[in-house]
Each structure stands twice: as structure tokens, then as C-alpha cells.
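Down below is the structure, laid out as C-alpha cells.
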2 protein chains.
Amino acid sequence: MSKELTNIQQKILDYIIDRKTSIGIPPSLAEIAENFNYRNRATVQQHLASIERKGYIKRNPKIARGIEVTLEEKFFIPRPVIGEVAAGNPLTIYPDSLDSIELPTIARMPKDSFLLRVKGDSLKDAYIFTGDVVIVNPNLEPRDGHFVTAVLDDAAVVKRFYKKSHKIELHSENPEYEPIVIEKDYSGFKLVGVVVGVYRSMERKVG
Amino acid sequence: MSKELTNIQQKILDYIIDRKTSIGIPPSLAEIAENFNYRNRATVQQHLASIERKGYIKRNPKIARGIEVTLEEKFFIPRPVIGEVAAGNPLTIYPDSLDSIELPTIARMPKDSFLLRVKGDSLKDAYIFTGDVVIVNPNLEPRDGHFVTAVLDDAAVVKRFYKKSHKIELHSENPEYEPIVIEKDYSGFKLVGVVVGVYRSMERKVG
DNA sequence: ATTTTTGCCATACATATGTATGGTAAAAAT
DNA sequence: ATTTTTACCATACATATGTATGGCAAAAAT
């Protein structure tokens, strides 16, 4: 990347990336202006010109909201990790999102999903390791065979979900372990969400 | 989701998702019209109204390119997997993108990146397993410690990259293996790209 | 000391864009 | 048989949006 951004330019770039990654629609000049309390779009226009000249974005002339972000230095964006999950232990939710990972900008989070960092190697039979991040969607209805995150008697688990007539079965990936069978209205069971994926950043994996 | 989409509606939705996930800018009505050879935007407008009525998108009135995609059934989008990588074996590139995975819409691919499916367990010392998909960016300059995909003497490898003065070192994750040292201009070495992430779909993992 | 860059303003303009309305025809649903 | 939905067209309109130009002041670079 050619040059460093000034403070303001960096903030504008952050805002653009945030808008694109959260709601999926790049902001217009007017919206950027409003966000930064500018009375005029021309101010934004000039900032964008600077940011583009420095190579961080690419603008599509005449096209509304036509800002593309050039991903290089800005390849990773911080995303809050809201807690930890470790089979056998209680589900830890960080009070103020202390932790965050550098999720690649390619990995856009849907609004309703969240990230949990995996701790301990108790999930290794599911090929999930310490430091990996599971993407959990709490609003998805789990289907048979889906991996789910759940709290069972105050312990967090990541297991395969199977729905029987009046029971729920949680299967381990390791066939040596017997499935856990739960009555459907057992109060000690709380489904957290469906694990839609595992993401592992290759930045600083410990060998 | 409320109702099924018609063929045309589905194609329009796919087009919108494709535009949002590839270049990051939702299409305007005019662009959709052009893509589908409609002479008029109003046609698109009416299709979008139908798609929205069925709950697949949310439109932001008066906002240019203000189409948000409601992710539920459409949580996963197919992405082509262009080949296989298995340490020790040649890099296999599928002739016509035979394979594809259901990548979650959260995982937005930058235009220049591609996916490679991992085969064999020879990468297990890097915690990468059969069926996992590595996201490779060929236009990224690798830094020390980055995982890279490379072809060395016709064999594909995924290893950590280290740049010395006139040599390149490829480190295995397993400390028992000695690093591979390559002269910088050795013709048998071809860098494929930087592995920016590993994604594992939890849909149908074999236990 | 002088020039360039940064950071903001205002006004004006062209057009990109979403929207409204009305019409036609075929297919699907009732 | 009738109504609704689908799938297109055309014309017209309001405004959202990017752009051009000129001006001013402070900070930074030369």
C-alpha cells in the first residue's frame, strides 16, 4: 500500500468497511457525511479521493454507493468474540467482548450470528481445536446431524443434534462415547445455536 | 420462509447475492434489468416486490442499491472449488469446477481468491483435514509465518512460509520434520498463494 | 518562506436510481 | 369461469447521489 492514511481518512475507511460488512450495503457520500457531522458531501468526496489515491479503496464513478475496498493491509477486520466454549465446562460469555479475532473481511457475519472461541482440546474428536472460532447462528432451527452449541446442566457442549419423537440426542463425534439422551422439556438443557461453520485464521496459529 | 420463489425470481435473487458477495456492491434496478435483458426497471421493481413479499430480501425504500438479503434458507451459497491440495501429491485442478461447496454467505470471497479442497490426512499436523476447504489468495504477498500453498517439484504443499536473504524456507507444523530450504530462483518452486483461512462446513461431516 | 496537503464550507448541476401508474398477455389458482 | 399471479412493456416524476468548482484556514512538507 502506497501511503499511510490520516486519522480521519482511517475512520472513514473503517466506517465504510463496517457498513459493508454489517448490513451489506456500502454507504453513500451523504450517509458518510451525516455520520461524521459534515454539512456537505463534497468534504467526503475529497476524503474518498485521498483514500483512493493512497490505494485503499476503488471508486466506481457515477455509480451510487460504488465503493470497493481494496483488501490488502485491510484484509482482516476485528470481530468480537463473545465467549468461550469448551466441552464439559460452563459456557463463558465475556462481559464486554474482551476478546476479538481478526476475521478476514471475506467472512461476513450475518447480523444474528456470533462467534465463540474454542478452548481446550475436548472437542478434538470433532476436529475442532483451541483457538478455532465456531460461527453460531442462534436463530436457525437445527436439523438432524447438525452440530449445535448447547448448555446442558451448566456445561457447554458442541455436539451433533438428533431429534427423536420426545427426546433429543446429542452425539459425540467419537463413536466410543454413548449419545446423550435428553427429554424434550428437560429444563437443564438450553440450545444456544447451530454451528454453521468453523473458521481458523492462519495468521498466528501455534504449532 | 413463506413461499417458494419462481424460476425468474430465484435467478434474480442469485444475481443479487452474487453481486453482493463478489464485488460487494448490491446491484441497482437498472443493472439487474440489463443483466436480464429487460427494457425497463419497473419489471425488476415488480419482481423485487414479489421476492420481498416472500421474505427473501428486505428493501430499503428510496435508498440506492438498498437490497438486503434475508439469510435463512439462503444461508449457504454454492461456490466452486477449483481443485484439490494434498501434501506430497501434485496440485489437482478440476477441469470444469466439478466440485462445489455450500459456503455460508458470511464467507465472502474476494474476487481474486479461490478455494481448494484438502484431501488426505497429510496436513493433519497443521490441523487441516480431508474435506476442509482452504481459502487461497494468490495476489497476497506472503509474510513470514503465513501459511502458503505452493507447488514444489510437482508436489503440492501447504506449509508455513519464511523468507531468508536468498532462500525460502517452508516449515511444517510438526517440529519433527526439518524445514524445506529452497533457493530463491529455483524453478521447481511455484507459489500458488497465501492461505488466508480454513473453512469447514458442519453440514455433513463424516464422523 | 513558500508550497502542498489536509480539512472543511457553499452552491450548482447532471444523472443514476427508485417509484408510481397504467397497460397487455399468458399462466396458475380458485 | 373468474380471479389472481406472473411477467413483461412504456412513460413520467421526485430525489438520491456523485461530481465540479471555488473559497477559506490551519497544518505539514519542502
Side-chain angles (χ1 to χ4, degrees), chain A residues 1-20 22-70 73, chain B residues 1-20 22-70 74:
Chain A
M1 207 63 66
S2 35
K3 275 183 180 176
E4 294 261 322
L5 293 177
T6 66
N7 270 352
I8 293 174
Q9 290 164 3
Q10 183 65 56
K11 277 181 184 171
I12 291 177
L13 178 58
D14 288 342
Y15 178 70
I16 293 166
I17 293 174
D18 181 66
R19 287 290 299 268
K20 292 189 82 166
S22 59
I23 62 171
I25 301 164
S28 66
L29 300 211
E31 286 169 356
I32 299 174
E34 194 188 17
N35 184 264
F36 289 92
N37 283 114
Y38 295 144
R39 293 189 187 166
N40 204 289
R41 286 166 288 166
T43 303
V44 177
Q45 165 83 331
Q46 290 146 16
H47 278 140
L48 293 185
S50 301
I51 299 174
E52 184 171 28
R53 209 175 326 111
K54 293 179 181 178
Y56 291 81
I57 60 174
K58 179 170 169 293
R59 300 199 64 199
N60 296 278
K62 303 267 182 187
I63 286 185
R65 300 164 188 271
I67 307 173
E68 292 182 60
V69 177
T70 306
E73 295 298 318
Chain B
M1 207 63 65
S2 32
K3 275 183 181 178
E4 294 262 323
L5 292 178
T6 66
N7 272 351
I8 295 174
Q9 289 164 4
Q10 183 65 56
K11 278 181 185 171
I12 291 176
L13 178 59
D14 287 343
Y15 177 71
I16 294 166
I17 293 173
D18 181 66
R19 288 290 299 267
K20 293 189 81 166
S22 59
I23 62 170
I25 301 164
S28 66
L29 300 212
E31 286 169 354
I32 299 174
E34 194 187 16
N35 184 263
F36 289 92
N37 284 113
Y38 295 147
R39 295 191 188 162
N40 205 288
R41 287 165 287 169
T43 303
V44 177
Q45 165 83 330
Q46 288 146 16
H47 278 138
L48 292 185
S50 300
I51 300 174
E52 182 171 29
R53 207 172 332 109
K54 294 179 181 177
Y56 291 80
I57 60 173
K58 180 171 171 289
R59 301 199 63 199
N60 295 279
K62 302 268 183 188
I63 287 185
R65 300 163 187 272
I67 306 173
E68 292 182 61
V69 176
T70 307
K74 254 298 173 192

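As a basis for the values below, the full set of heavy atoms in this structure was taken, side chains included, without hydrogen atoms, waters or symmetry mates. In the text below, chain A, chain B and the rest are named by the order of the sequence lines, each starting its count at 1. Just so we're clear, the structure is a prediction, and the values are computed from it rather than from any experiment.
- One interatomic measurement links the two molecules: CD of A:Gln9 to C1' of C:dC8, which rounds to 13 Å at whole-angstrom precision.
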Nucleotides 16-30 of chain D: protein proximity per nucleotide (B base, S sugar-phosphate only, - neither; heavy atom, under 4.0 Å)
SBBBB-B--------
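- Formation of a donor-acceptor pair under 3.5 Å by the A:Arg41 side chain with backbone atoms of A:Ala30 is not found in this model.
- Between A:Asn35 and A:Arg19, every side-chain heavy-atom pair lies at or beyond the 4.5 Å cut-off.
- A distance of 10.5 Å separates OG1 of B:Thr6 from CG of B:Leu13, quoted to the nearest 0.5 Å.
- The closest side-chain donor-acceptor pair between A:Gln10 and A:Asp14 falls under 3.5 angstrom.
- Counting only heavy atoms from C-beta outward, the side chains of B:Gln46 and B:Asn40 never approach each other to under 4.5 Å.
- For the pair B:Gln10 CD and D:dT6 P, the interatomic distance rounds to 14 Å; values are reported in whole Å.
- A perpendicular orientation is assigned to the rings of B:Phe36 and B:Tyr15, their planes being inclined by more than 60° (bins at 30° and 60°).
- Once rounded to the nearest 0.5 Å, the distance linking OH of A:Tyr38 with NE2 of A:His47 reads 4.5 Å.
- Here D:dT6 presents its C1' atom at 15 Å from NZ of B:Lys11, a figure rounded to the nearest Å.
- What separates OH of B:Tyr38 from P of D:dT11 is a distance of 19 Å, to the nearest Å.
- A 4.5 Å side-chain heavy-atom check between A:Gln9 and A:Ile57 finds every atom pair outside the cut-off.
- One axis for each end of the helix from C:dA1-D:dT30 to C:dT30-D:dA1, each built from five base pairs, and the angle between them comes to 50° at 10° resolution.
- For the pair B:Lys54 NZ and D:dT5 P, the interatomic distance rounds to 10 Å; values are reported in whole Å.
- Residue A:Thr6 places at least one side-chain N or O under 4.0 Å from the OP1 or OP2 atom of C:dG7.
- Between A:Lys20 and A:Ile16 the shortest side-chain heavy-atom distance falls below 4.5 Å.
- Distance B:Ile12 CD1 to D:dT6 P: 12 Å, rounded to the nearest Å.
- Atom CD1 of B:Ile32 is separated from atom P of D:dA7 by 15 Å (rounded to the nearest Å).
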